[in-house]
There are 2 protein chains.
Amino acid sequence: MVSFEDMKLEEGSPIYLQIIHHLKMGIAAGTVQDGEELPSRRTLSALLGVNPNTIQKAFHILEEEGLIVSHVGAKSCVSVTREQVQCLEQQLPDAHARQFIKQMQAMGLSCTQVVGLVERLWEEEV
Amino acid sequence: MVSFEDMKLEEGSPIYLQIIHHLKMGIAAGTVQDGEELPSRRTLSALLGVNPNTIQKAFHILEEEGLIVSHVGAKSCVSVTREQVQCLEQQLPDAHARQFIKQMQAMGLSCTQVVGLVERLWEEEV
DNA sequence: TAAAGTGTACTATTGATATAATACAGTTAG
DNA sequence: CTAACTGTATTATATCAATAGTACACTTTA
């Protein structure tokens with residue numbers, strides 16, 4: 001069963017996108033595997049304290065993207081090919097890093113400064 | 001005159017927040033200094049291709065935060081104390097780095113891997 | 001078999017974002 | 001001085017995100 005226990009909702013980004021992102025990061029990290037069951041829409045909405053329709057929107061998009069499969073009456077499951085997993089493993093960190101670097105450069109920091117900052121803050125974040 | 005020429009609008013975040021963020025990063029980078037004139041609301045709206053009200057919303061918030069001052073009939077100006085500049089110089093990169101680290105950790109990457117990724121991608125980004 | 005749980009669909013409403021079209025008072029520049 | 005430009009305010013509209021409530025068909029399970 002895919003876990004959403006550790007997921008914390010944050011402001012600044014739509015909830016349904018955060019849910020999609022959470023699952024993709026789990027797949028990229030290897031903690032979510034092909035065939036794994038997902039919590040039901042109603043269960044997850046209660047866990048996160050959001051509307052069932054918001055969960056449905058996220059799951060609907062995930063199904064359109066071919067990352068999960070759903071059947072009426074039964075729970076949804078993760079369904080990813082090896083290619084999809086590899087794609088997420090490579091592209092997700094890459095895209096985040098590029099955006100991060102762009103911001104650091106806009107604030108005038110050097111590569112050395114950024115590396116130092118990351119190393120200094122790394123241990124603080126659990 | 002504060003420049004917004006290099007600012008590219010991106011999806012995923014409200015335009016008025018991007019404008020606020022752009023000015024703060026300029027202050028943190030030292031490319032925007034105290035007393036500097038800002039483009040007028042109408043000029044900037046034409047430059048970015050957005051509605052004047054959107055610029056007004058951004059500038060209104062910036063004035064509430066005490067980073068710019070406005071007077072009817074005259075152009076608005078940046079107005080920051082040494083303390084405000086130091087605050088932005090330290091807190092902005094820090095906050096971005098923490099968020100970045102959290103995402104990298106969620107995808108199962110090690111500190112060494114992330115540092116390597118940043119160093120590898122740094123030169124690609126202009 | 002019957003009840004509970006599941007995915008799915010629909011309507012309605014609220015708030016935030018963004019656009020559009022004005023309008024007015026004060027400043028600047030010709 | 002006058003015209004152009006400035007900040008500011010107002011009303012209206014459209015879209016998206018999120019909530020709320022309801023309904024129905026299907027699967028699981030007790």
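Only this structure's heavy atoms are used, side chains among them; waters, hydrogens and symmetry mates stay out. Computed from a predicted structure; not experimentally measured.
The side chain of A/Arg41 contributes no N or O atom lying less than 4.0 Å from OP1 or OP2 of C/dT6. OP1 or OP2 of C/dT19 sits under 4.0 Å from a side-chain N or O of B/Thr54. Between A/Ser70 and C/dT6 there is no side-chain N or O to OP1 or OP2 distance below 4.0 Å. In terms of phosphate contacts, B/Lys57 brings no side-chain nitrogen or oxygen within less than 4.0 Å of OP1 or OP2 of C/dA18. Close to D/dC5, at under 4.0 Å from its OP1 or OP2, lies no side-chain N or O of B/Ser40.
Rounded to whole Å, atom P of C/dT28 lies 11 Å from atom NZ of B/Lys75. When the C1' atom of D/dA9 is taken as reference, atom CZ of B/Phe59 falls 17 Å away, rounded to whole Å. Regarding B/Leu44, its CG atom lies at a distance of 14 Å from the C1' atom of D/dT6, rounded to whole Å. Per the geometry, CD belonging to A/Glu37 stands 13 Å off C1' belonging to C/dG7, to the nearest Å. Protein atom CD1 of A/Ile61 is 15 Å distant from nucleotide atom C1' of C/dT8, rounded to whole Å. The separation between A/Gln18 atom CD and D/dC16 atom P is 19 Å, rounded to whole Å. Look at CD1 on B/Ile55: it is 14 Å from P on D/dT8, rounded to the nearest Å. Going from atom CG of A/Leu38 over to atom P of C/dG7 covers 9 Å, rounded to whole Å.
Closest-nucleotide positions on DNA chain D for A/Leu17 and A/Ala74 were compared, and the one nearer the 5' end corresponds to A/Leu17. Where A/Asn51 and B/Ser76 each meet DNA chain D at their nearest nucleotide, the meeting point lying more 5' is that of B/Ser76. Both A/Gln56 and B/Val50 lie close to DNA chain C; mapped to their nearest nucleotides by heavy-atom distance, the more 5′-ward contact belongs to A/Gln56.
For B/Asn53, whose side chain is taken as the heavy atoms from C-beta onward, the closest listed nucleotide among C/dG26, C/dT19, D/dA18 is C/dT19. The side chain of B/Thr43 has D/dT6 as its nearest neighbour among D/dT6, C/dC10, D/dT10.
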B/Gln33/B/Val78 under side chain to side chain contact (heavy atoms under 4.5 Å, CB included): CA gap, chis, key distance, verdict: CA-CA 7 Å; B/Gln33 300 198 335; B/Val78 177; over 6 Å; no

Passes side chain to side chain contact (heavy atoms under 4.5 Å, CB included), A/Leu38 versus A/Leu23? Steps please. CA-CA 10 Å; A/Leu38 289 157; A/Leu23 184 74; 4.0 Å; yes

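The residue B/His71 sits close only to the backbone: its heavy atoms come under 4.0 Å of sugar-phosphate atoms, none of a base. Here A/Glu63 lies in heavy-atom contact (under 4.0 Å) with sugar-phosphate atoms only. Looking at heavy-atom distances under 4.0 Å, A/Tyr16 makes contact with sugar-phosphate atoms alone, never a base.
Of the possible polar contacts, one joining the B/Gln18 side chain to the B/Ser13 backbone as a donor-acceptor pair under 3.5 Å is found.
Ring-plane geometry between A/Phe100 and B/Phe100 is classed as parallel, the angle between the planes falling under 30 degrees on a 0 to 90 degree scale with a further cut at 60.
Evaluation of atom-type donor-acceptor distances gives a pair under 3.5 Å for the side chain of B/Arg42 against the base of D/dG7.
For the side chain to side chain donor-acceptor pair (under 3.5 Å) with B/Asp94, the qualifying choice from B/Gln90, B/Gln91, B/Arg98 is B/Arg98, the only one to do so.
By the neighbour-count criterion of 12 heavy atoms within 6.0 Å, atom NE2 of A/His60 is sparsely surrounded, having that number or fewer from other residues, nucleotides or ligands.
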